[in-house]
Undergrad: 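Starting off with a structure, shown below.
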Amino acid sequence: MKENETNNVILVKSKAFALLIIRMYKYLTDEKKEFVLSKQVLRSGTSIGANVKETVYAQSKADFYAKLYIATKEAGETEYWLELLHESGYLDDNVFDKLNVQCTELIKLLVSITKTQKEQK
């Protein structure tokens, strides 16, 4: 991460979350032999940070807003896959709670940012 991006809270948190999702994916595929739901959560969970990173290079306010909105939708999807993995027994309470708290925090941050951006249009 570039030095000027380290103070961008949403960039830092979404990247840290993506790294946790990658570790969880490795655990699910290596230890639990679960490949379908884990691939879904890997895609959506890492997509949050990818879309947030794209906002750094947004061509306009509309482009910036669109990328953040997509990141918000991906975070909501990730929340769903985490719930399914937990409720189906693939994730224990401890792992789920840790990931879910961070996912919820990302959703709140993204909603707040997109709401502020929308109000400034």
Side-chain angles (χ1 to χ4, degrees):
M1 192 171 285
K2 295 177 183 171
E3 187 176 326
N4 63 339
E5 295 174 358
T6 57
N7 62 352
N8 184 324
V9 173
I10 193 68
L11 266 176
V12 171
K13 288 184 180 284
S14 61
K15 186 174 188 179
F17 182 73
L19 291 168
L20 287 175
I21 290 291
I22 292 166
R23 287 186 201 105
M24 182 204 62
Y25 172 77
K26 287 185 60 61
Y27 163 76
L28 288 171
T29 56
D30 293 349
E31 302 294 324
K32 298 286 191 171
K33 305 301 181 205
E34 198 298 310
F35 301 99
V36 178
L37 298 175
S38 58
K39 180 66 90 171
Q40 292 292 116
V41 77
L42 176 69
R43 287 180 179 157
S44 64
T46 56
S47 179
I48 300 164
N51 280 288
V52 169
K53 179 71 173 185
E54 284 187 49
T55 66
V56 173
Y57 305 101
Q59 296 175 339
S60 65
K61 284 186 177 186
D63 187 34
F64 179 84
Y65 176 80
K67 299 295 184 213
L68 281 180
Y69 186 71
I70 291 168
T72 306
K73 289 172 50 175
E74 293 291 340
E77 181 181 338
T78 301
E79 182 179 49
Y80 175 76
W81 295 122
L82 289 172
E83 289 170 357
L84 284 182
L85 285 162
H86 179 243
E87 292 172 25
S88 63
Y90 285 107
L91 292 180
D92 65 29
D93 292 344
N94 187 38
V95 173
F96 171 74
D97 290 343
K98 181 178 181 177
L99 289 167
N100 193 52
V101 163
Q102 291 190 28
C103 188
T104 301
E105 183 181 1
L106 283 173
I107 290 169
K108 288 177 181 178
L109 281 168
L110 289 162
V111 166
S112 175
I113 295 166
T114 53
K115 184 178 179 183
T116 301
Q117 289 298 312
K118 195 172 189 177
E119 289 170 356
Q120 291 177 357
K121 279 188 172 183

Undergrad: What pairs meet the salt bridge (Lys or Arg N to Asp or Glu O under 4.0 Å) rule with one or both residues in residues 36-51, with sequence neighbours excluded?
TA: none
Undergrad: Evaluate M24 against L82 for side chain to side chain contact (heavy atoms under 4.5 Å, CB included), listing each step before the verdict.
TA: CA-CA 10 Å; M24 182 204 62; L82 289 172; 3.8 Å; yes
Undergrad: In Å, rounded to the nearest 0.5 Å, how long is the span from CG of N8 to NZ of K53?
TA: 9.5 Å
Undergrad: Nearest 0.5 angstrom please: C103 SG to K13 NZ, how far?
TA: 13.0 Å
Undergrad: Could you state the interatomic distance from OH (Y25) to CG (D30), rounded to the nearest 0.5 Å?
TA: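 Going from the OH atom of Y25 to the CG atom of D30 covers 9.0 Å.
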Undergrad: Within this structure, what is the CZ-OG1 distance for the pair F64 and T114, rounded to the nearest 0.5 Å?
TA: 9.5 Å
Undergrad: Is I21 linked to F35 within one hydrophobic cluster, defined over Ile, Leu, Val, Met, Phe, Trp and Tyr using a side-chain heavy-atom separation of less than 4.5 Å?
TA: no
Undergrad: Between K26 and T29, what is the shortest heavy-atom contact and its length?
TA: O-OG1, 3.2 Å
Undergrad: Quick check: closest heavy atoms across S38 and L85, and the distance to 0.1 Å?
TA: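 So the minimum-distance heavy-atom pair works out to N-CD2, 4.5 Å.
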Undergrad: For F96, is the CZ atom crowded, meaning more than 12 foreign heavy atoms sit under 6.0 Å from it?
TA: yes
Undergrad: Shortest non-hydrogen contact from K67 to T55?
TA: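 Nearest pair, atom of K67 first, then T55: CB-CG2, 3.5 Å.
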Undergrad: L99 and F17: which non-hydrogen atoms are nearest, and at how many Å?
TA: O-CE1, 3.5 Å
Undergrad: Checking side chain to side chain contact (heavy atoms under 4.5 Å, CB included) for the pair N51/L68: CA distance, chi angles, key distance, verdict?
TA: CA-CA 7 Å; N51 280 288; L68 281 180; over 6 Å; no
Undergrad: Hydrophobic clusters here meaning ILVMFWY residues chained together by side-chain heavy-atom distances under 4.5 Å, can you tell me if V111 and Y80 are in one?
TA: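 Different hydrophobic clusters.
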Undergrad: Decide side chain to side chain donor-acceptor pair (under 3.5 Å) for D92 and H86; before the verdict, give the C-alpha distance in whole Å, the side-chain angles of both, and the deciding distance to 0.1 Å.
TA: CA-CA 6 Å; D92 65 29; H86 179 243; over 6 Å; no
Undergrad: Is there a side chain to side chain contact (heavy atoms under 4.5 Å, CB included) between V52 and L106 once you walk through the steps?
TA: CA-CA 11 Å; V52 169; L106 283 173; over 6 Å; no
Undergrad: Give a yes or no answer on whether the side chain of E105 reaches the backbone of I107 with a donor-acceptor pair at less than 3.5 Å.
TA: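 Side chain of E105 to backbone of I107: no pair is present.
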Undergrad: Among residues two or more places apart or on two chains, list those pairs meeting salt bridge (Lys or Arg N to Asp or Glu O under 4.0 Å) that have a residue in residues 77-89.
TA: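 Passing the test, one end in residues 77-89: no pairs.
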Undergrad: Can you name the closest pair of heavy atoms from Y90 and L28 and give their distance?
TA: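 Closest heavy-atom pair between Y90 and L28: O-CD2, 3.7 Å.
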Undergrad: How close do D63 and A58 get, heavy atom to heavy atom, and via which atoms?
TA: OD2-CA, 3.3 Å
Undergrad: CD1/I113 to OH/Y69 distance, rounded to the nearest 0.5 angstrom?
TA: 15.5 Å
Undergrad: In terms of hydrophobic clustering (I, L, V, M, F, W, Y; side-chain heavy atoms under 4.5 Å; direct or indirect links), are V101 and L91 co-clustered?
TA: no
Undergrad: Measure the shortest side-chain to side-chain distance between Q102 and T104 over non-hydrogen atoms and say whether it is less than 4.5 angstrom.
TA: no
Undergrad: Please round to the nearest 0.5 Å and tell me the distance separating atom CD1 of I70 and atom CD of E74.
TA: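 Between I70 CD1 and E74 CD, I get 8.0 Å after rounding to 0.5 Å.
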